[in-house]
Amino acid sequence: MKKIIFLLIVTISLTGCFWNDDEDVIEKSAIITQTPTSLGALNTKYDDYNSNWEPDGERGGWIIFSSNRNSQGENFDLVYANLYYIEDSTSGNLTCEVLNFDLPYDFEVAIRNINSDKNEFGPYFTATGGNLILMYSTENSSGYDIQFMDMTGWYYEQWENYDSIPKSIPKINEYADDLYPTLTADKKNLIFCNNKNDGVFNIFNASFNSEITSEALVSGDINSITKIETLSGTGDDKCPFIGEDNMMVFASNREGGYGGYDLWYSFYINGVWTEPENFGSEINSSKDEFRPITFDVLGHNLMIFSSNRSGGKGGFDLYAVEYETY
């Protein structure tokens with residue numbers, strides 16, 4: 001069984017930026033080291049969580065997440081920010097800078113088309129089948145559905161092929177509340193959670209007949225949808241995310257935690273998911289830890305998650321951690 005050792009998180013400073021040395025562009029920076037600390041400039045006094053990181057080059061990219069800041073604490077929208085990472089040549093630590101310049105207009109149009117007067121949760125970017133796809137969950141009259149938008153034309157500036165209309169995924173959305181989509185490494189399985197079993201959230205696998213593309217999502221080209229028994233306990237298991245090394249991270253209020261929702265992890269080995277393990281007290285607290293994501297920057301394994309622990313700006317805040325797997 002692989003184990004995880006943590007190196008962890010963030011102190012606040014003001015610093016220069018390789019993209020632009022104008023301090024008006026730089027909001028705040030976070031030095032990613034060893035102890036969980038709020039990613040200050042991304043957070044507000046409202047709830048900020050459910051993030052996803054999409055790289056744009058080796059050092060930069062954007063983070064997109066759910067927040068109820070626009071409605072002053074009411075419904076959740078998708079919001080985003082620009083991030084840039086610098087590795088300190090002396091300490092080896094990463095500095096994550098939050099930049100305040102806008103993304104292209106067409107991306108803003110896409111987000112406006114997604115956001116509604118209801119809740120939008122769990123954004124997830126993935127490159128698959130020659131497409132760049134943004135998935136998320138949106139609230140309707142009967143619960144939550146998973147939808148997606150094909151961002152390929154926007155990303156490659158092929159505006160004639162850019163379709164900014166959200167689309168639903170058949171078969172998956174025949175359940176109750178369907179949330180937090182993520183793809184397996186082979187891009188043939190869509191993992192998500194729903195509460196069709198007596199209102200308890202479990203983690204499910206939608207197996208597609210081929211690599212998942214925009215066309216496959218629209219047509220619902222799914223062979224089977226099954227609950228992943230190893231990952232589904234008696235509590236609520238939510239927010240699955242699959243990152244590097246076939247590792248899934250998720251949130252659960254199952255027994256064996258430290259209070260509320262904790263972060264857990266599992267590895268896909270020899271065709272099965274291993275028994276989940278708790279990240280431990282280095283990450284989890286007596287409050288809620290929610291929707292973790294993992295990714296690699298400049299050779300560093302990073303995880304961003306949200307928590308309503310004390311010391312933040314209010315509600316749920318975004319936090320970060322560096323970890324190593326063995």
Side-chain angles (χ1 to χ4, degrees), residues 50 52 54 64 66 75-78 109-155 161-229 231-232 236-242 248 250 268 273 291 293:
N50 292 338
N52 192 206
E54 174 60 22
I64 183 168
S66 299
N75 63 289
F76 285 83
D77 290 331
L78 301 187
V109 170
I111 297 302
R112 285 204 299 269
N113 286 349
I114 288 173
N115 289 331
S116 69
D117 59 356
K118 303 293 185 180
N119 291 312
E120 277 71 48
F121 287 138
Y124 173 71
F125 269 107
T126 182
T128 175
N131 304 129
L132 179 65
I133 294 172
L134 171 59
M135 297 183 183
Y136 61 98
S137 294
T138 187
E139 187 180 15
N140 55 40
S141 59
S142 60
Y144 287 90
D145 283 348
I146 296 174
Q147 295 190 326
F148 78 97
M149 184 178 290
D150 190 331
M151 306 290 291
T152 309
W154 165 79
Y155 191 77
N161 298 322
Y162 179 51
D163 183 1
S164 60
I165 305 301
K167 296 177 175 62
S168 185
I169 305 174
K171 297 184 181 179
I172 287 179
N173 292 325
E174 294 174 3
Y175 291 88
D177 292 322
D178 304 293
L179 294 152
Y180 301 105
T182 184
L183 299 190
T184 54
D186 62 6
K187 309 295 185 181
K188 293 183 179 180
N189 298 274
L190 192 156
I191 310 295
F192 64 104
C193 67
N194 69 56
N195 60 352
K196 73 165 190 167
N197 293 330
D198 299 322
V200 176
F201 276 95
N202 297 131
I203 297 176
F204 283 74
N205 183 95
S207 175
F208 281 69
N209 291 311
S210 59
E211 184 175 2
I212 295 173
T213 62
S214 292
E215 292 76 12
L217 290 172
V218 169
S219 65
D221 186 25
I222 297 172
N223 178 52
S224 63
I225 299 177
T226 56
K227 184 172 73 171
I228 305 178
E229 297 291 345
L231 304 179
S232 299
D236 288 306
D237 302 298
K238 289 184 167 185
C239 311
F241 182 89
I242 300 172
M248 181 190 295
F250 64 97
Y268 193 69
W273 290 102
R291 212 292 173 87
I293 63 168

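Computed from heavy atoms alone, side chains included, the values below leave out hydrogens, waters and symmetry copies. One is the number of the first residue; the rest follow in order along the sequence.
Scored by the side chain to side chain contact (heavy atoms under 4.5 Å, CB included) test, Lys187 finds Thr126, Thr128, Leu183, Glu211 as partners (sequence neighbours excluded). Residues passing the salt bridge (charged side-chain N to carboxylate O under 4.0 Å, His left out) test with Glu229, sequence neighbours excluded: Lys227. Among residues two or more places apart in sequence or in another chain, the side-chain hydrogen bond (donor to acceptor under 3.5 Å, both in side chains) test is passed with Asp237 by Ser252, Arg254. Looking at residues two or more places apart in sequence or on another chain, you find no salt bridge (charged side-chain N to carboxylate O under 4.0 Å, His left out) involving Lys118. Shown here are the side chain to side chain contact (heavy atoms under 4.5 Å, CB included) partners of Ser137, two or more places apart in sequence or in another chain: Ile146, Leu179, Pro181. Taking the side-chain hydrogen bond (donor to acceptor under 3.5 Å, both in side chains) definition, one finds that Asp236 meets it with nothing, sequence neighbours left out. Every residue two or more places apart in sequence or in another chain was checked for a ring-ring contact (aromatic ring centres under 6.0 Å, His included) with Phe201, and none qualifies. Partners of Ser219 according to the side chain to side chain contact (heavy atoms under 4.5 Å, CB included) rule, which considers only residues two or more places apart in sequence or in another chain, are Asp221. Evaluation of the ring-ring contact (aromatic ring centres under 6.0 Å, His included) rule for Phe125 yields Trp62 as partners, not counting sequence neighbours. Partners of Thr213 under the side-chain hydrogen bond (donor to acceptor under 3.5 Å, both in side chains) rule, at least two apart in sequence or in another chain, are Glu215. With sequence neighbours left out, Ser116 forms a side-chain hydrogen bond (donor to acceptor under 3.5 Å, both in side chains) with Glu120. Residues that satisfy the ring-ring contact (aromatic ring centres under 6.0 Å, His included) test with Tyr268, not counting sequence neighbours, are Trp273.
Side-chain atoms of Thr182 come within 3.5 Å of backbone N or O of Ile242 as a donor-acceptor pair.
Between Ile222 and Ser207 there is no side-chain heavy-atom pair separated by less than 4.5 Å.
Ring centroids of Tyr180 and Phe121 are separated by 6.0 Å or more, keeping the two rings apart. Taking the ring centroids of Tyr124 and Tyr136, they lie at or beyond the 6.0 Å cut-off.
Of the N and O atoms on the side chains of Asp177 and Asn194, not one donor lies less than 3.5 Å from an acceptor on the other residue.
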